[in-house]
Participant: 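The structure is given below, and queries will be raised subsequently.
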Amino acid sequence: MARNKATGRRQQKPQHNTGQPGLIISHYGVAVLVRFDNGDEQPVKVKRNSDHVVGDRVMVIGERVTSLARRNALRRRDPFGKVRTLAANLDLLGIVVAVRPQTPDGFIERVVVAARAADIEPVLIVNKQDLPGSADFDSQLQRDFPAMVRLSVSAKQGDGLEHLRHKLAGAGRSALVGVSGSGKSSLLNALCPGIELETGALNEEEHGCHTTSVSTLLALPTGGELVDTPGFRDFSPVDVSSEDLAHWFPGVMSVLEEQSCRFRNCRHRQEPGCCIKQAVDQGTFSEERYQLYLNTLQELEQLETARNEGRKNPFCR
Ligand SMILES: Nc1nc2c(ncn2[C@@H]2O[C@H](COP(=O)(O)OP(=O)(O)OP(=O)(O)O)[C@@H](O)[C@H]2O)c(=O)[nH]1
Ligand SMILES: [Mg+2]
Ligand SMILES: [Zn+2]
């Protein structure tokens with residue numbers, strides 16, 4: 001019986017006439033790889049723009065795949081305005097960052113808000129601890145995201161992987177996202193010995209080379225499931241409203257846990273009795289991060305207005 005190259009699992013021949021429940025563990029554009037509940041795997045053809053995604057529970061009847069209802073899905077808008085679903089039915093989202101390559105400003109915040117709005121726990125995974133400058137980078141992240149779970153690791157040297165394994169085992173289903181070259185596939189290789197996903201060196205500008213092109217879900221030997229995704233630099237959220245942002249933005253959420261603004265729908269601009277504005281004035285919420293919040297809010301509101309007026313995404317190139 002043939003074996004899947006990435007996972008080493010058995011692949012079975014397509015079965016006809018009988019409906020079988022399974023899970024999509026890879027998506028190749030015109031086909032998905034389904035893992036059935038008995039552990040067998042089978043590639044099944046799908047339409048190129050079908051909405052099936054890694055993490056979907058499906059029913060396969062003959063060569064037809066039907067997705068069952070999703071608990072949640074993480075979606076982003078790519079730079080061309082197209083909505084991309086990264087994965088479905090997630091419990092935890094590991095945002096992989098490293099001192100090199102740099103993660104663009106605002107990236108982490110947007111992913112965190114999108115995850116929280118979808119009821120997925122966001123966790124910062126600070127990879128490449130073996131590189132010089134990592135300690136300062138880590139401290140900066142601690143200052144900017146004090147309330148977030150932060151795991152410092154090195155896929156290369158194995159530091160911190162025990163903590164990560166433990167977190168992933170307790171979570172259920174997780175996915176890794178982050179810019180190309182941050183080390184997502186390297187982490188999966190370190191957590192799943194023998195997997196050997198392709199990894200790629202950074203280029204001369206210290207950017208990743210978009211090595212991973214297909215999302216893959218793997219069952220970890222130490223418990224939990226983990227999805228590797230292709231890297232991207234921009235995260236324009238899809239299912240996030242300005243209200244979500246005003247609530248879930250990192251730092252804002254921590255202040256709101258202690259105090260509340262006078263108005264329930266406060267957007268923390270100039271509204272009277274705003275505890276975020278007060279925190280900025282008192283220096284407990286940094287001016288820089290507040291500015292990042294306001295910029296993101298403005299962008300989301302423009303998107304909302306455009307959507308309400310039926311216009312195209314104004315940020316679409
Ligand atoms: N020094 C060091 N290098 C690492 C570490 N983890 C990964 N790398 C290197 O970083 C580069 C990118 O790693 P990948 O695992 O391919 O990164 P990725 O996030 O999967 O990238 P895409 O698939 O393009 O999104 C490779 O050269 C890895 O060897 C680490 O902990 N320390
Ligand atoms: Mg990769
Ligand atoms: Zn407010």
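As the structure lists them, so they are numbered: ligands from 1, and atoms in each ligand from 1. Note that the structure is predicted; figures quoted are calculated from it, not measured.
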Participant: Looking at Asp78 and Val83, would you say the former's side chain and the latter's main chain have a donor-acceptor pair under 3.5 Å?
Facilitator: no

Participant: To check your reading of the model: name the closest protein heavy atom to atom 19 (O) of ligand 1, its residue, and the distance in Å.
Facilitator: Lys184 NZ, 2.7 Å

Participant: Anything under 3.5 Å between a donor and an acceptor, one on a side chain of residues 258-267, the other on a protein residue two or more places apart or in another chain? List them.
Facilitator:
| residue | atom | partner | partner atom | Å |
| --- | --- | --- | --- | --- |
| Arg267 | NE | Ser242 | OG | 3.3 |
| Arg267 | NH1 | Asn265 | O | 2.9 |

Participant: Quick one: nearest non-hydrogen protein atom to atom 21 (O) of ligand 1, plus distance?
Facilitator: Gly181 N, 2.9 Å

Participant: Checking the side chain of Ser182 only, and the main-chain atoms of Val97 only, is there a donor and an acceptor separated by less than 3.5 Å?
Facilitator: no

Participant: Say whether Gly231, considering both its backbone and side-chain N or O atoms, lies within less than 3.5 Å of an N or O atom on ligand 1.
Facilitator: yes

Participant: Hey, which atoms in ligand 1 end up nearer than 4.0 Å to a heavy atom of Ser185?
Facilitator: 15 (O), 20 (O)

Participant: Note the single closest protein heavy atom to atom 6 (N) of ligand 1, along with its residue, its atom name and the distance in Å.
Facilitator: Asn127 ND2, 3.1 Å

Participant: With distance as the sole test, does Lys128 use its side chain to make a donor-acceptor pair with the main-chain N or O of Arg100 at under 3.5 Å?
Facilitator: yes

Participant: Does the pair Arg57 and Asp37 meet the rule for a salt bridge (charged side-chain N to carboxylate O under 4.0 Å, His left out), with working shown?
Facilitator: CA-CA 10 Å; Arg57 286 288 298 171; Asp37 295 353; 3.1 Å; yes

Participant: Inspect the surroundings of NE2 in His163 and state if more than 12 heavy atoms from other residues, nucleotides or ligands are less than 6.0 Å away.
Facilitator: no

Participant: Go through the structure and list residues passing ring pair (Phe, Tyr, Trp, His ring centres under 6.0 Å) with Phe107, not counting sequence neighbours.
Facilitator: Phe232

Participant: With heavy-atom distances below 4.0 Å as the criterion, list the atoms of ligand 1 near Thr211.
Facilitator: 22 (P), 23 (O), 24 (O)

Participant: Does this structure show an ion pair linking Arg70 with Asp56, if we count only N-O contacts that are shorter than 4.0 Å?
Facilitator: yes

Participant: Please confirm whether Ala201 comes under 4.0 Å of ligand 1, counting heavy atoms of the residue only.
Facilitator: yes

Participant: How far is atom 23 (O) of ligand 1 from the closest protein heavy atom, and which atom is that?
Facilitator: Thr212 OG1, 2.7 Å

Participant: So, at under 2.8 Å, which protein N, O or S atoms would a careful student list around the Zn ion (ligand 3)?
Facilitator: Cys261 SG, Cys266 SG, His268 ND1, Cys274 SG

Participant: Any side-chain to backbone donor/acceptor pair from Arg77 onto Lys82? Under 3.5 Å, distance only.
Facilitator: no

Participant: Give a yes or no on whether a salt bridge exists between Asp91 and Arg173, defined as a side-chain N under 4.0 angstrom from a carboxylate O.
Facilitator: no

Participant: So which heavy atom in the protein is nearest atom 22 (P) of ligand 1, and how far is it from that ligand atom?
Facilitator: Ser180 OG, 3.7 Å

Participant: Is it true that Ser241 and Asp244 share a donor-acceptor pair across their side chains at a distance under 3.5 Å?
Facilitator: yes

Participant: Out of all atoms in ligand 1, which are within 4.0 Å of some heavy atom of Thr199? Include the element for each.
Facilitator: 14 (P), 15 (O), 16 (O)

Participant: May I ask which of His210, Lys156, Gln157, Lys128 has a heavy atom nearer to atom 8 (N) of ligand 1 than the others do?
Facilitator: Lys128

Participant: Would you say the side-chain atoms of Arg84 pair up with the backbone N or O of Arg76, donor to acceptor, closer than 3.5 Å?
Facilitator: no

Participant: Any salt bridge linking Asp138 with Arg150? Criterion: basic side-chain nitrogen under 4.0 Å from a carboxylate oxygen.
Facilitator: yes

Participant: One pair to check against side chain to side chain donor-acceptor pair (under 3.5 Å): Thr216 and Asp228. What are the steps and the verdict?
Facilitator: CA-CA 5 Å; Thr216 308; Asp228 186 21; 5.9 Å; no

Participant: Please report how many protein N/O/S atoms lie under 2.8 Å from the Mg ion (ligand 2).
Facilitator: 2

Participant: Using the ring of Phe145 (Phe, Tyr or Trp, six-membered ring only), decide whether Arg289 places NZ or CZ under 6.0 Å from its centre and within 45 degrees of its axis.
Facilitator: yes

Participant: Tyr290 vs Phe285 aromatic rings, parallel, tilted or perpendicular, using cut-offs 30° and 60°?
Facilitator: perpendicular

Participant: Regarding atom 11 (C) of ligand 1: of the candidates Gly200, Gly160, Ser186, which has the closest heavy atom?
Facilitator: Gly200

Participant: When you check the gap from the basic side-chain N to the acidic O, do Lys167 and Glu121 get nearer than 4.0 Å?
Facilitator: yes

Participant: Is ligand 1 under 4.0 Å from a heavy atom in the side chain of Leu131, in the backbone, in both, or in neither?
Facilitator: side chain

Participant: For atom 1 (N) of ligand 1, what's the nearest protein heavy atom and its distance?
Facilitator: Asp130 OD2, 2.8 Å

Participant: Considering Ala155, Pro101, Gly183, Ser154 one by one, which has a heavy atom nearer to atom 17 (O) of ligand 1 than any of the others?
Facilitator: Gly183

